[in-house]
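Not measured: the values here are computed from a predicted model. Numbers here are sequence positions counted from 1. Numbering of ligands and ligand atoms starts at 1, following listing order.
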Amino acid sequence: MNTLALNIFELIDRLEGSRSLEHSEFVRLLSDDISPDEALYLQHRARFITDRIFGRNVRIRGLIEITNVCRNDCLYCGLRKSNSSLRRYTLTVGEILSCCRLGYEAGFRTFVLQGGENPGLTADRIVETVSAIHKEFADCAITLSLGEWSDNDLELFREAGAARYLLRHETINSAHYSRLHPSEMSRDNRLRCLWTLKRLGYQTGTGIMVGSPFQTVSNIAEDLLFMKELQPEMIGIGPFIPHSATPFAGYNAGNLDLTLRLISILRLMFPGANIPATTALHTLHPQGRDRGLLAGANVVMPNLSPTGIRKQYSLYDNKKSFGAESAEGLAKLASQLEKINLFITTERGDYKNV
Ligand code: SAH
Ligand code: SF4
């Protein structure tokens with residue numbers, strides 16, 4: 001074993017023990033010169049911790065894509081307002097409740113309402129939707145992923161019954177942030193939302209796209225240090241995948257191995273966090289979902305949206321779904337996961353502080 005290799009094994013052990021590293025040490029762990037043995041060791045440590053906390057259980061969340069209308073123009077996203085090739089839609093409260101009913105029957109106990117920042121979808125309407133779901137499905141968790149709102153609105157959603165909120169910070173580096181977003185959007189407003197979510201007692205999720213244009217390994221190390229500060233309860237990590245109708249159409253997708261390595265690093269940093277094997281990972285590689293789970297993820301988010309609108313919710317090209325919207329679909333997912341000795345659990349699956 002050469003000294004370089006020894007250092008990386010040591011770094012992994014130290015990360016597991018202290019749950020953090022210095023910026024330069026994270027850069028080292030994320031660099032290209034990590035050997036296959038070292039990468040495998042990292043993955044095994046992360047899965048070992050995942051098994052210790054969650055057993056071989058995989059938590060499921062039903063994703064409902066409630067609107068593809070967005071007032072923002074994030075340069076990476078197919079839902080950006082400048083993309084005129086989409087048929088825009090907004091589900092009614094009744095349609096959302098129907099999705100929840102189907103999901104509940106199949107065994108889902110968490111519903112994730114995700115969508116663009118739709119000016120027509122007012123805070124009142126979100127409150128109405130959340131209250132209706134909370135009333136009918138009192139034993140279920142409601143997660144929102146609806147972008148940036150005022151502190152007051154986030155508080156109203158919480159009071160209406162939303163327990164969790166996903167809002168990726170995308171990049172903590174201001175210069176990088178401004179290359180991914182138009183000038184009207186600010187990193188600081190996103191951070192304001194994230195700290196408010198924490199203060200309001202939401203189980204708060206953040207995260208990044210791996211391989212977004214102009215991202216450096218040093219940026220990712222900064223992101224890890226920011227997450228250490230925020231202490232999120234959920235972390236969404238997926239590869240960037242280009243969308244043909246965006247300014248980033250010609251950029252490469254993010255790297256599979258680096259995404260998996262980050263999932264493992266995050267599991268060691270946040271042992272009890274809910275970390276999904278994301279749809280983007282599943283889209284990037286046919287074994288992406290399974291490899292994400294084996295690298296330390298503990299959640300999958302099958303799509304409960306009405307099938308007719310799914311194509312219109314195109315964050316990136318060729319977006320896949322886990323196809324587990326029905327009870328039969330879920331049984332199929334379960335049998336696929338059994339092959340890697342993992343088992344779906346229908347528990348609500350709140351954050352565990354360990
Ligand atoms: N409007 C909300 C939720 C919808 S977008 C929001 O922005 O938070 C949900 C996530 O999709 C974003 O956080 C982003 O990280 C991811 N996403 C968007 N475009 C993507 C792309 N081209 N490749 C991979 N992920 C993308
Ligand atoms: Fe809108 Fe979210 Fe896409 Fe940005 S990432 S354009 S906020 S849907």
What I want to know is whether [X] and ligand 1 share at least one N or O pair that is separated by under 3.5 angstrom.
{"X": "G116", "result": "no"}
{"X": "E117", "result": "no"}
{"X": "G115", "result": "yes"}

*asked:* Can you tell whether the side chains of R192 and D151 come within less than 4.0 Å, N to carboxylate O?
replied: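 Counted as a salt bridge, because a side-chain N and a carboxylate O are separated by less than 4.0 Å.
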
_Between R348 and D139, does any side-chain N to carboxylate O distance fall below 4.0 Å?_
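Here R348 does not pair with D139 in a salt bridge, since their nearest N and O are not under 4.0 Å apart.
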
*atom 3 (Fe) of ligand 2 contact by C74, N, O or S atom under 2.8 Å*: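 Not a single backbone or side-chain N, O or S atom of C74 is under 2.8 Å from atom 3 (Fe) of ligand 2.
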
With heavy atoms of [X] as the reference, note each atom of ligand 2 found under 4.0 Å away.
{"X": "Y76", "answer": "5 (S)"}
{"X": "G116", "answer": "8 (S)"}
{"X": "C70", "answer": "1 (Fe), 6 (S), 7 (S), 8 (S)"}

List every atom of ligand 1 that sits less than 4.0 Å from any heavy atom of [X], numbering the atoms from 1 in the order shown and giving each element.
{"X": "S145", "answer": "3 (C)"}
{"X": "F240", "answer": "22 (N), 23 (N), 24 (C)"}
{"X": "R168", "answer": "13 (O), 14 (C), 15 (O), 16 (C)"}

Flag, side chain of [X] to backbone of [Y], donor-acceptor distance under 3.5 Å:
{"X": "R164", "Y": "T110", "answer": "no"}
{"X": "H176", "Y": "P213", "answer": "yes"}
{"X": "R261", "Y": "L29", "answer": "yes"}
{"X": "E105", "Y": "L102", "answer": "no"}

Nearest protein heavy atom to [atom], by residue and atom, and its distance?
{"atom": "atom 11 (O) of ligand 1", "answer": "L315 CD1, 3.7 Å"}
{"atom": "atom 8 (O) of ligand 1", "answer": "L167 CD1, 4.0 Å"}
{"atom": "atom 9 (C) of ligand 1", "answer": "Q114 NE2, 3.7 Å"}
{"atom": "atom 21 (C) of ligand 1", "answer": "I241 O, 3.4 Å"}
{"atom": "atom 7 (S) of ligand 2", "answer": "N72 ND2, 3.4 Å"}

*Aromatic ring proximity, centroids under 6.0 angstrom, Y76 and F240*: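 F240 vs Y76: aromatic centres not under 6.0 Å.
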
*So, does Y313 sit close enough to ligand 1 that a heavy atom of it is under 4.0 Å from the ligand?*
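It does; at least one heavy atom falls under 4.0 Å.
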
*Answer yes or no for G238: is there a heavy-atom contact with ligand 1 below 4.0 Å?*
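No; G238 lies far enough from ligand 1 that no heavy-atom distance drops under 4.0 Å.
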
*Side chains of R109 and I60: does their closest heavy-atom pair fall under 4.5 Å?*
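With C-beta onward as the side chain, the pair stays apart.
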
[X] contact mode with ligand 1 (heavy-atom cut-off under 4.0 Å):
{"X": "Y165", "value": "neither"}
{"X": "E170", "value": "side chain"}
{"X": "P242", "value": "neither"}

*Say you draw a straight line from CD of E128 to CG of L121; how long is it, rounded to the nearest 0.5 Å?*
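It comes to 10.0 Å.
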
_Please identify which of these residues, N57, D51, T50, N274, meets the side chain to side chain donor-acceptor pair (under 3.5 Å) condition with N298._
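When side chain to side chain donor-acceptor pair (under 3.5 Å) is applied between N298 and each of N57, D51, T50, N274, only N274 qualifies.
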
*asked:* Does the plane of the ring in F248 sit parallel, tilted or perpendicular to the ring in Y251? Use 30° and 60° as the thresholds.
replied: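 Judged by the thresholds at 30° and 60°, the geometry between F248 and Y251 is perpendicular.
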
*Please state whether the rings of Y104 and F137 are parallel, tilted or perpendicular, taking 30° and 60° as the class boundaries.*
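Judged by the thresholds at 30° and 60°, the geometry between Y104 and F137 is tilted.
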
_Determine whether any protein heavy atom is located less than 4.0 Å from atom 18 (C) of ligand 1._
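So far as the 4.0 Å threshold goes, atom 18 (C) of ligand 1 is in reach of a protein heavy atom.
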
_Any protein heavy atom < 4.0 Å from atom 3 (Fe) of ligand 2_ =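 Yes, there is a protein heavy atom closer to it than 4.0 Å.
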
_Under the salt bridge (Lys or Arg N to Asp or Glu O under 4.0 Å) test against E117, which residue among K81, R80, R71 passes?_
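Looking at K81, R80, R71, the match for E117 under the salt bridge (Lys or Arg N to Asp or Glu O under 4.0 Å) is R71.
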
*Closest by any non-hydrogen atom to atom 25 (N) of ligand 1: pick that one out of M209, H243, K319.*
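Going through M209, H243, K319 one by one, M209 has the nearest heavy atom to atom 25 (N) of ligand 1.
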
*With atom 24 (C) of ligand 1 as the reference point, say which of G78, A280, P239 has the nearest heavy atom.*
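Selected option, by shortest heavy-atom distance: P239.
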
*Give the minimum heavy-atom separation between R88 and N68, together with the two atoms involved.*
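That would be NH1-O, 2.6 Å.
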
